[in-house]
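Here is the structure we will look at, set down as structure tokens.
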Amino acid sequence: MTRLSVEMLAADTVAPITSAGHAQLGIAVLAGIAVIVLLITKFKLHAFLALTIGSLALGAFAGAPLDKVITSFTAGLGSTVAGVGVLIALGAILGKLLADSGGADQIVDTILAKAGGRSMPWAMVLIASVIGLPLFFEVGIVLLIPVVLMVAKRGNYSLMRIGIPALAGLSVMHGLVPPHPGPLVAIDAVGANLGVTLALGVLVAVPTVIVAGPLFSKVAARWVDVPAPDRMLPQRPSEELERRPGFGATLATILLPVVLMLAKALVDIVVDDPAHTVQRVFDVIGSPLIALLAAVIVGFFTLGRPAGFSRDRLQRTVEKGLMPIAGILLIVGAGGGFKQTLIDCGVGQMILEISKDWSIPALLLAWLIAVAIRLATGSATVATVSAAGLVAPLAADMSTAHTALLVLAIGAGSLFFSHVNDAGFWLVKEYFGLSVGQTVKTWSIMETIISVVAGGLVLLLSLVI
């Protein structure tokens with residue numbers, strides 16, 4: 001949702017599709033979320049279908065005409081996919097190119113060659129954070145697991161001492177730093193500035209990943225002292241390649257979109273004149289679409305060509321990168337539809353009015369809502385898009401910096417205590433050969449630390465900027 005639409009809603013110039021009172025709307029929200037939770041957890045329905053049915057249930061409980069609910073849902077789905085769909089696709093292509101060309105392995109091997117002993121956990125968190133920038137969380141886990149197991153075995157490290165920093169690096173990037181789907185959707189929903197959000201996201205991410213990664217791994221290794229499981233390591237993508245890209249070229253390609261978006265944010269602050277030629281140029285090259293598109297095109301030459309990829313191989317890599325994101329796009333889109341249904345039913349306005357009488361800060365409210373939905377559904381993405389829809393009206397009177405912090409508060413809350421209803425929980429458990437209890441003591445606690453530390457840092461930043 002654009003800032004303009006948020007401001008219109010805040011000004012009460014958009015008539016809700018139902019005239020239900022606060023009590024009925026509150027019940028409708030709880031009922032809609034309960035439907036989504038039950039469908040995902042008990043009936044194991046895909047999140048896309050659960051969000052679609054939950055949106056219709058919300059409208060029905062709120063007493064809105066069903067045809068208008070459908071219109072709200074489809075409009076929200078369309079605008080969300082239009083806003084972030086292409087970015088998710090470009091990010092997926094870049095991530096697949098990075099993995100298949102051996103670029104990711106090149107970064108891993110280069111950093112590990114220079115690290116050892118006590119510095120190894122710090123090296124792992126650095127690797128995961130860099131690799132995690134363009135990759136989806138699940139892809140990053142699959143890519144880094146062979147490295148984690150190999151380092152733990154060869155160096156005779158506790159698996160948790162090496163694995164927790166890697167997982168923390170991936171998770172923090174996933175929840176706080178665009179161009180990951182969650183932060184992008186939240187930015188779109190509350191009308192935040194992407195460059196400012198990216199800059200503040202990195203500022204919050206660095207201390208968060210240090211606390212939840214290398215520091216917590218010392219404790220986790222004492223709680224769960226397990227060696228790397230004795231099983232065949234998965235094959236690394238570069239093992240079948242005769243050559244692979246250089247470290248410098250790979251790193252430059254990964255960081256290119258980040259640099260371009262941060263440069264745009266800096267120029268916006270320094271120049272602060274939309275008509276100025278310099279700002280207009282950076283508004284184009286620093287837009288997420290152009291920044292990610294530039295990285296993909298550059299990657300064809302810096303990653304694909306050094307790996308010896310033909311044009312046909314590059315085309316296959318692009319196709320393989322796009323195929324797995326269909327489900328993600330549909331979930332994100334349906335989340336946008338649910339968000340728009342919430343807003344059009346008047347729920348956002350209701351929260352805006354009720355929160356005026358509360359002493360709870362808007363950023364803490366956003367964090368708490370995201371935490372509740374995360375605990376219920378197990379999905380960080382569902383928690384982000386739903387919470388963003390609920391608190392979007394609160395951004396109407398916020399400054400640019402505080403709107404960006406609202407996005408980060410939602411992202412931090414969406415990572416809270418991953419447990420048995422989260423696919424990531426089982427992914428970590430199976431790859432590391434842990435029991436359910438051991439996974440809770442390590443992975444679940446790590447996610448909670450990330451959420452609490454990041455949320456606390458967001459609140460502290462809100463006091464000084």
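Side chains included, hydrogens not; waters and symmetry mates left out as well; all remaining heavy atoms used.
With sequence neighbours left out, the side-chain contact (heavy atoms from CB on, under 4.5 Å) criterion links L368 to I360, L364. The side-chain contact (heavy atoms from CB on, under 4.5 Å) search around I325 returns I88, A89, A92, F136, L322, L329, not counting sequence neighbours. Residues forming a side chain to side chain donor-acceptor pair (under 3.5 Å) with T384 (at least two apart in sequence, or on another chain): S414.
Proximity of a side-chain donor or acceptor of H402 to a complementary backbone N or O of S462 within less than 3.5 Å is detected. When atom types are taken as modelled, the side chain of H419 and the backbone of F425 share no donor-acceptor pair closer than 3.5 angstrom. Within the 3.5 Å criterion, the main-chain N or O of L126 finds no donor-acceptor partner in the side chain of S129. Between the side chain of S418 and the backbone N or O of S444, no donor-acceptor pair lies under 3.5 Å. When atom types are taken as modelled, the side chain of T302 and the backbone of V298 share a donor-acceptor pair closer than 3.5 angstrom.
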Original post:
Does the side chain to side chain contact (heavy atoms under 4.5 Å, CB included) test come out yes or no for V318 and K96, once each step is laid out?
Top reply: CA-CA 7 Å; V318 171; K96 186 64 175 174; over 6 Å; no
**OP:** Test D312 against R316 for salt bridge (Lys or Arg N to Asp or Glu O under 4.0 Å), laying out the working first.
**Re:** CA-CA 6 Å; D312 288 341; R316 289 198 301 273; 5.4 Å; no
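Looking only at side-chain heavy atoms (C-beta outward), T250 and R244 stay at 4.5 Å or farther from each other.
Sorted by first and then second residue, the pairs that involve residues 367-388 and meet ring-ring contact (aromatic ring centres under 6.0 Å, His included), not counting sequence neighbours, are W367-F416. Applying the salt bridge (Lys or Arg N to Asp or Glu O under 4.0 Å) test to every pair with at least one member in residues 160-171, sequence neighbours left out, gives no pairs at all. Every pair passing salt bridge (Lys or Arg N to Asp or Glu O under 4.0 Å) that includes a residue from residues 438-457 is listed here, sequence neighbours excluded: R374-E447.
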